[in-house]
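Written out below as structure tokens is the structure these notes cover.
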Amino acid sequence: MSEQNTKVAEPRPDATADHSAPRANPVQNFLRGPAGRNVGLVIALALLFVVGAATSGDRFLNPENMLTILRYASIIGVVSVGVTFVITAGGIDLSVGSVLGLTSVVASLTSVQLAATQSSWILMVIVALAVGAFAGLVNGLVVAYGNVVSFIATLAMLVGARGLAELISGRSTQIVTNRDFSQIMRSDVLGIPILVWIFVIVAVAGWFLLNRTTFGRRTIAIGGNLEAARLAGIKVKRHQVYLYVLAGLTAGIGGVMMLGRTTAGTSTHGLLLELEVIAAVVVGGTLLIGGRGTIMGTVLGVLIFSTLVNVFTQNNLDTSIQALVRGLILVVAVLLQQRFANRGKTRRAKAKPVKV
Amino acid sequence: MFEEDQPKPLLEVRGITKQFAGVQALKGVDLQVLPGEVHCVMGQNGAGKSTLIKTLSGVHQPDGGEIRWEGEPISIPSPTAALDLGIATMYQELDVVDGLSVAENIFLGHERASGGVLHVKKTNAIARNLLKRLGHGSLSPSTEVGTLSAANKQIVSMARALSRDIKLIIMDEPSAILDSGEVANLFRVVRELTAQGIAVVYISHRLEEIRQIGDRISVIKDGRSTASGLSVTDTPKAELIRRMTGRDVENVFPEGQPVASDAPVVLEVDNLELDGHFENVSFTVRAGEIVGFAGLVGSKRSEILETIYGARKSSSGKVSVNGKLLKPGSIPAAVNAGIGLSPEERKSQGLILDEPIFKNVTLSSFERFARAGSLNERAERDAAREQIAALELRPADPDRPARTLSGGNQQKILLARWLVHGTSVLLLDEPTRGVDVGARAEIYALIRRLATAGTAIIVVSSEIEEVLGLADNVLVIDDGRVLTHTKASDLDEHGVLDLVMKGSAA
């Protein structure tokens with residue numbers, strides 16, 4: 001600092017105040033950090049495995065059953081990755097389940113399947129992705145430029161997309177007749193089903209996108225402080241549109257996977273999926289108010305719920321009890337999350353008077 | 001200790017201390033408030049005024065010292081306990097509920113009801129009486145509070161205090177959100193209160209105001225009382241300033257060299273207008289020049305700044321940077337052309353508080369640190385470290401969350417952001433709000449250094465002194481009009497106020 005420019009050379013209370021900011025012990029810091037939160041989830045998952053092994057033994061702990069869990073997790077997982085982005089940016093997408101159903105219906109229309117048979121099965125995939133992305137685009141435009149709260153905008157899409165899917169399909173189940181498509185979707189790579197691979201690829205890509213790219217940085221910035229992001233020159237509205245397109249796209253991928261798994265397209269595919277997705281994302285540690293998102297957490301959240309379902313099914317427990325336990329897990333997870341958020345807030349409140 | 005004819009003090013605070021996370025916020029504060037007096041508490045930002053208020057209103061517990069209420073030693077464990085004693089606090093951020101009516105707000109938390117059913121008529125009648133006592137009988141109890149002005153919301157807040165049996169009201173910079181007419185009205189209300197025997201602790205750092213309304217003054221500096229119970233009329237202004245700052249204010253501002261007359265014009269604003277806010281704003285800023293906007297709160301200074309930046313879309317007029325015309329209403333266009341804004345509300349508009357310093361620093365230019373959209377965090381950290389060193393930002397750890405920094409250092413993050421981006425025009429809105437006095441001098445020096453390096457700078461501040469001390473040229477603005485555009489050395493605080501008063505009268 002050029003001393004000749006200023007006559008004041010007092011010690012800065014400002015600067016000294018900061019050195020004393022809390023630096024808790026490393027273990028505490030680690031547990032509070034992103035990795036630490038994931039450790040908590042891994043422990044929860046491990047506990048579920050212990051329960052599964054204890055109650056069902058080898059029926060639970062065998063490679064085939066592990067793949068069942070993963071296969072079950074794959075579709076929810078893919079969609080959850082997309083929704084993680086929307087929630088990280090401070091929004092919500094309730095429409096993913098309906099959109100998934102719609103994409104499965106449109107992609108399995110007789111005309112589409114016919115065209116796919118004449119060209120390539122990829123056409124069905126492209127159609128599904130395009131429909132999903134388009135639905136997301138509508139969501140995004142209504143939220144960003146129509147200034148409609150994301151909850152309402154996507155609630156409208158939830159209702160509307162389901163209705164459209166019913167109209168198009170005439171509420172009938174459309175069997176997938178394209179053999180190439182069915183075969184590919186049922187194939188294994190290195191002994192692992194293609195559906196699981198898709199989940200892995202989407203999760204890895206999502207992790208990279210959120211943590212290592214400008215796109216992810218913008219997403220977190222918008223969720224953390226929308227006004228600051230806008231004033232820093234980030235094109236906030238455009239980015240919001242991209243986020244919903246991304247969520248729609250993952251719903252489209254989910255639609256393709258659903259077509260592959262059930263070999264049929266129907267308007268009831270993905271019913272109430274949005275609830276499972278949001279539950280998984282929230283349990284994973286992504287803040288509903290935005291500003292913090294974790295793909296790793298989302299993946300673990302999805303695995304926890306799918307393992308839970310598996311353990312319950314293995315023990316022939318009623319689905320109603322399943323639902324009850326899921327609800328409990330969700331509440332406990334959010335309570336824990338709030339404790340984290342509150343800790344941040346008290347830190348803020350305590351720090352404030354010093355500086356004001 | 002005090003003279004015999006003095007009444008018994010209502011509140012006595014002796015040597016209270018308070019520490020937060022290793023920072024000593026209060027190091028020994030004394031305060032003695034008499035019934036029915038207006039006792040002003042002064043101090044720079046960061047002096048500990050807010051901590052003191054929160055201690056008296058039961059939000060914080062002091063670590064040491066003594067509080068006596070009507071002669072009895074007490075502790076105030078919670079805000080409810082404070083209210084029960086008879087201490088009400090009016091915070092700067094008014095705690096009214098916009099969706100409820102005036103009367104409902106007044107009786108919030110102690111509703112007049114039987115069996116859970118509200119007595120609407122009775123409530124409204126009592127509310128009307130309370131408002132009348134405050135000289136605001138014209139305010140209807142059934143009006144929704146959200147439709148009221150900030151000044152009237154304050155009245156509602158005061159009526160709420162009156163609705164309980166209150167002996168002391170603490171007002172935290174109540175004039176900060178008011179214009180001059182409303183301040184006069186506030187003073188009338190304060191006198192109403194004291195006439196009824198209620199004591200008022202009035203927090204402010206505006207000397208002029210305190211001379212008008214206060215009976216006695218206490219001054220806090222760096223968490224310590226430097227004056228307690230001085231008489232307003234007998235204490236010269238210069239002494240108060242010394243007690244507040246510990247030095248003469250004039251020394252704080254760095255000296256600038258005169259801007260070369262052949263320095264290129266960087267920013268040109270031509271007939272800029274925003275409907276309903278301001279019109280006919282024209283001026284230029286040369287490389288190396290600091291232009292200040294002086295004016296009162298509500299003069300639309302910030303709006304002009306935001307319109308230049310594209311955060312608001314001008315209804316007519318032109319803004320150009322280095323001869324290139326800007327697209328109106330587009331922040332990205334302004335940023336690309338080389339304008340940077342450090343917004344008025346640093347925390348809510350400037351920073352992503354939970355993100356580390358380095359991500360806040362690169363926020364406007366992280367595309368530069370990316371290849372094919374993939375970010376190179378190491379390069380970001382290096383760039384941030386460079387700025388941390390250049391600006392003496394503390395702590396010098398690029399991974400520290402922005403939230404944990406002091407106001408002055410948060411301001412430096414915003415400066416660093418635009419330095420990394422490489423801006424030729426810096427718009428600084430209230431660059432020292434919430435920055436304590438030692439760090440202020442540092443920020444001033446920094447701003448001057450940036451100008452010397454060739455940046456064109458506009459500074460907006462509600463502290464006229466700051467504008468005059470820092471800027472080369474000043475625009476005096478009132479109600480969206482530029483009253484005058486002249487050298488800072490030609491003006492003083494009184495001159496500016498004179499101009500503004502005349503401007504409002506015209």
Side-chain angles (χ1 to χ4, degrees), chain A residues 1-24 208-209 211-218 220-236 238 287 290-292 341 344-356, chain B residues 20-23 25 45-46 48-51 54 60 222 247 251-252 254-255 309 311 331-332 334-336 341 343 348-355 359 363-364 366-367 370 373-375 392 394-395 400 403-409 417 434-436 438-439 441-442 444-446 448-449 452:
Chain A
M1 170 144 306
S2 47
E3 284 294 335
Q4 70 267 32
N5 272 353
T6 163
K7 293 171 187 162
V8 179
E10 276 222 342
R12 296 175 303 277
D14 207 40
T16 47
D18 291 313
H19 294 300
S20 46
R23 277 242 146 164
F208 185 80
L209 191 62
N211 297 301
R212 288 286 180 269
T213 69
T214 55
F215 184 91
R217 185 66 66 74
R218 283 190 203 108
I220 296 167
I222 290 171
N225 189 340
L226 189 140
E227 183 65 3
R230 186 178 82 96
L231 289 178
I234 292 174
K235 292 165 182 158
V236 170
R238 186 183 298 183
L287 281 185
R292 191 179 80 204
K345 231 176 268 165
T346 42
R347 222 181 299 146
R348 206 177 317 161
K350 279 180 183 170
K352 210 175 174 185
V354 184
K355 289 160 192 163
V356 168
Chain B
F20 296 105
V23 179
N45 291 318
K49 287 174 298 184
S50 300
T51 311
K54 287 189 174 149
H60 296 322
D222 296 338
R247 65 168 156 262
N251 287 351
V252 172
E255 238 150 287
Y309 189 61
I331 296 174
V335 171
N336 283 337
L341 170 78
S348 64
Q349 300 180 304
L351 297 167
I352 322 280
L353 288 170
D354 289 322
E355 292 286 290
K359 289 186 184 174
L363 189 64
S364 290
F366 52 53
E367 284 83 355
S374 160
L375 280 163
E392 296 186 1
R394 294 290 173 270
R400 185 65 82 92
R403 185 188 300 289
T404 61
L405 271 65
S406 67
N409 284 303
R417 177 184 298 167
V435 175
D436 64 43
E442 210 185 337
Y444 295 146
L446 211 53
R448 177 47 75 185
R449 205 180 62 181
T452 310

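Just so you know, these numbers use all the heavy atoms, side chains as well, and skip hydrogens, waters and symmetry mates. Chain letters run A, B, ... following the sequence lines, proteins first and then strands; every chain starts at 1.
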Side chain, backbone, both or neither: which part of Pro332(B) has a non-hydrogen atom closer than 4.5 Å to chain A?
-> both
Bottom line for Tyr444(B): the part with an atom under 4.5 Å from chain A's heavy atoms is neither
Are the charged groups of Glu367(B) and Arg217(A) less than 4.0 angstrom apart, N to O?
-> no
In terms of heavy-atom pairs under 4.5 Å with chain B, the winner among Ala232(A), Gly233(A), Gly291(A) is Ala232(A)
Decide side-chain contact (heavy atoms from CB on, under 4.5 Å) for Glu355(B) and Ile220(A); before the verdict, give the C-alpha distance in whole Å, the side-chain angles of both, and the deciding distance to 0.1 Å.
-> CA-CA 9 Å; Glu355(B) 292 286 290; Ile220(A) 296 167; 3.5 Å; yes
Output the distance between atom CG (Leu375(B)) and atom CZ (Phe208(A)), rounded to the nearest 0.5 Å.
-> 8.5 Å
Knowing that exactly one of Leu226(A), Leu231(A), Asn225(A) qualifies, which makes a side-chain contact (heavy atoms from CB on, under 4.5 Å) with Gln349(B)?
-> Leu231(A)
Interatomic distance, Ile352(B) atom CD1 to Glu227(A) atom CD [nearest 0.5 angstrom] = 10.5 Å
Heavy-atom pair with the smallest gap, counting every atom of Leu363(B) and Ala229(A) | CD2-CA, 4.5 Å
